[in-house]
Asker: 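Got a structure here, written out as structure tokens. Questions coming.
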Amino acid sequence: MNSFFSSSASARTVRLVSQAQRDDVVAQLPAAERPLAAGFAGKPGQIVLLPSDSICGALFGIGNGEDAFALGAAAFGLPEGDWQIDDMPDALNPGLVSLAWALGSYRFTLFKAAEREPARLVPPAGTDITEITSIASAAMLTRDLVNSPADIMGPEGLEAAFRKLGKQHGAKLTVTKGDALLKQNFPMIHAVGRAAGEAPRLLELEWGDPTHPRLALVGKGVCFDSGGLDLKPAAGMRWMKKDMGGAANAMGLAQLVMAAKLPVRLHVLVPAVENAVGADAFRPGDILVSRQGITVEIDNTDAEGRLVLGDALSRAVEDKPDLLIDFATLTGAARVALGPEVMPFYTDDEALAAEISAAGTAVSDPLWRMPLWDGYEREIEGDISDIVNSAAMPLAGSITAALFLRRFVGTSKWVHFDIFGWNLKDRPGRPKGGEMQGARAVYQMLKQRFVN
Ligand code: BES
Ligand code: MN
Ligand code: ZN
């Protein structure tokens with residue numbers, strides 16, 4: 001067995017109690033124990049410990065009984081030790097319950113030890129333990145990458161993590177770094193990253209049978225986004241270690257694809273840079289000639305993600321992928337539109353959009369499709385260049401950023417996720433800090449597309 005789950009036969013029992021069931025269950029308690037449950041309403045994550053193990057060891061609230069992620073509160077809500085669930089409600093998917101429990105057991109412990117061990121779950125019948133473990137491990141890889149500060153997770157650190165991932169799965173690795181980016185024609189990746197202490201680079205990994213359908217994953221790997229010469233104010237810069245959240249999601253998803261040995265030819269591309277200030281920094285007004293030859297006038301050096309992605313997407317489409325997916329903490333505007341819990345995604349492919357939406361719902365990875373609105377194309381047109389990197393119109397910023405990316409994907413079947421990569425607050429199964437978003441839904445979609 002693995003570290004997320006237990007196989008103990010002597011595990012204590014936790015009973016899942018919906019708000020509707022609350023009164024019936026409390027009535028079953030011995031009279032002496034009923035006062036313990038006085039404040040228990042069955043709200044999601046509410047816990048009552050029953051020290052005498054009368055009808056069970058603990059009551060655990062699940063609200064309306066439909067949200068498996070409520071169980072994310074169990075790992076640190078219940079005392080240490082092994083637990084089993086004695087009555088899985090029909091409305092809850094046991095695999096998702098197990099996943100939520102495992103995801104809730106995460107702490108970022110690189111710089112501060114956890115105060116206690118998580119309570120461990122004996123996975124309920126219907127849990128594919130290998131699969132759920134794989135998903136939880138990938139999410140924790142993503143979280144660790146995002147939570148790691150930029151002083152250890154700069155372009156160097158991200159390259160090391162990327163190499164480790166590739167080696168674990170026998171993938172072929174290519175790193176194009178520093179001046180080699182200019183020689184190999186990745187001008188925008190170079191321009192964004194050249195002022196930083198650690199050289200910019202493009203990380204690539206290839207894996208799988210070349211005759212299988214080609215899947216390309218691209219992740220924004222801005223290890224720190226100061227804004228560049230258009231420097232961010234302090235509050236806006238504070239959490240910008242997470243600006244490689246797209247890369248962390250692409251890598252977590254790649255780990256899932258490779259661990260499951262999905263029948264695809266995988267190509268992962270991460271432009272890893274730091275958007276820094278220096279004598280060598282790119283400037284507002286500079287005009288970059290991109291890998292594809294599209295000319296881009298820099299309106300704002302803080303719109304750097306679309307630049308590094310433009311060249312990475314260009315490289316990806318050269319190999320004619322059957323499906324191209326990118327993840328990026330691309331805009332603040334995405335958060336204005338949907339807030340921190342729902343991730344916008346963009347694609348022109350109706351069938352794919354429907355598959356992704358359905359997959360997101362199935363695995364509790366909340367997503368919302370947004371439009372690649374042709375009318376806003378004019379907002380990124382340049383006066384003296386093909387396009388500008390930031391629209392003059394201060395509206396629809398997530399859409400205009402997506403339209404910028406679309407200029408670089410040619411006719412490929414393409415999906416773009418404008419993610420947050422972060423939980424602002426602790427929620428059950430979703431601890432504060434770095435988070436995998438969109439990648440779990442995509443993995444679910446890929447399994448359905450390529451396996452069944
Ligand atoms: N990395 C940021 C976007 C971001 C900010 C994501 C906060 C998540 C939380 C990106 O590089 C950026 O700075 N975007 C600008 C674009 C603008 C200059 C056109 C933004 O959103 O303000
Ligand atoms: Mn920026
Ligand atoms: Zn950024």
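Every value quoted in this text rests on a predicted model; they were computed, and no experiment measured them. One-based numbering, in listed order, for ligands and for the atoms of each.
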Asker: Which atoms of the protein, restricted to N, O or S, are nearer than 2.8 Å to the Mn ion (ligand 2)?
Answerer: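 The answer is Asp225 OD2, Asp302 O, Asp302 OD1, Glu304 OE1.
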Asker: Show me the donor-acceptor pairs within less than 3.5 Å that the side chains of residues 162-186 make with the rest of the protein, sequence neighbours left out.
Answerer:
residue: Arg163; atom: NE; partner: Glu159; partner atom: OE2; Å: 2.8
residue: Arg163; atom: NH2; partner: Glu159; partner atom: OE2; Å: 2.9
residue: Asn185; atom: ND2; partner: Arg291; partner atom: O; Å: 3.2

Asker: Of all N, O or S atoms in Asp225, identify the one at the shortest distance from the Zn ion (ligand 3).
Answerer: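 So the atom name we want here is OD2.
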Asker: Does Phe76 have Arg107 sitting over its ring (NZ/CZ under 6.0 Å from centre, angle to axis within 45°)?
Answerer: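 Cation-pi check for Arg107 and Phe76: passes.
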Asker: Would one find an N, O or S atom of Gly305, in either backbone or side chain, under 2.8 Å from the Zn ion (ligand 3)?
Answerer: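 False for Gly305.
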Asker: Within ligand 1, which atoms have a heavy atom of Lys242 less than 4.0 Å away?
Answerer: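 In order of number, 8 (C), 9 (C).
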Asker: Would you mind running through ligand 1 and noting each atom that sits below 4.0 Å from a heavy atom of Lys220?
Answerer: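 The atoms of ligand 1 under 4.0 Å from a heavy atom of Lys220 are 1 (N), 10 (C), 11 (O).
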Asker: Between the candidates Lys232, Arg335, Met240, which shows the shortest non-hydrogen contact distance to atom 7 (C) of ligand 1?
Answerer: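 Closest candidate by heavy-atom distance is Met240.
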Asker: Within the protein, is there a heavy atom lying under 4.0 Å from atom 13 (O) of ligand 1?
Answerer: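 It does: a protein heavy atom is found less than 4.0 Å away from atom 13 (O) of ligand 1.
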Asker: Using a strict 4.0 Å cut-off to heavy atoms of Thr329, name the atoms of ligand 1 that fall inside it.
Answerer: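 In order of number, 1 (N), 2 (C), 3 (C), 6 (C).
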Asker: Just to the nearest 10 degrees, tell me the angle at the Zn ion (ligand 3) spanned by Asp243 OD2 and Glu304 OE2.
Answerer: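 Asp243 OD2 and Glu304 OE2 form an angle of 100° at the Zn ion (ligand 3).
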Asker: Quick one: does NZ or CZ of Arg427 land under 6.0 Å from the six-membered ring centre of Phe69, within 45 degrees of the ring axis?
Answerer: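 No, a cation-pi geometry is absent between Arg427 and Phe69.
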Asker: Could you tell me which atoms of ligand 1, counted from 1 in the order shown, lie closer than 4.0 angstrom to a heavy atom of Gly332?
Answerer: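 Contacts of ligand 1 toward Gly332, numbered from 1: 3 (C), 4 (C), 20 (C), 21 (O).
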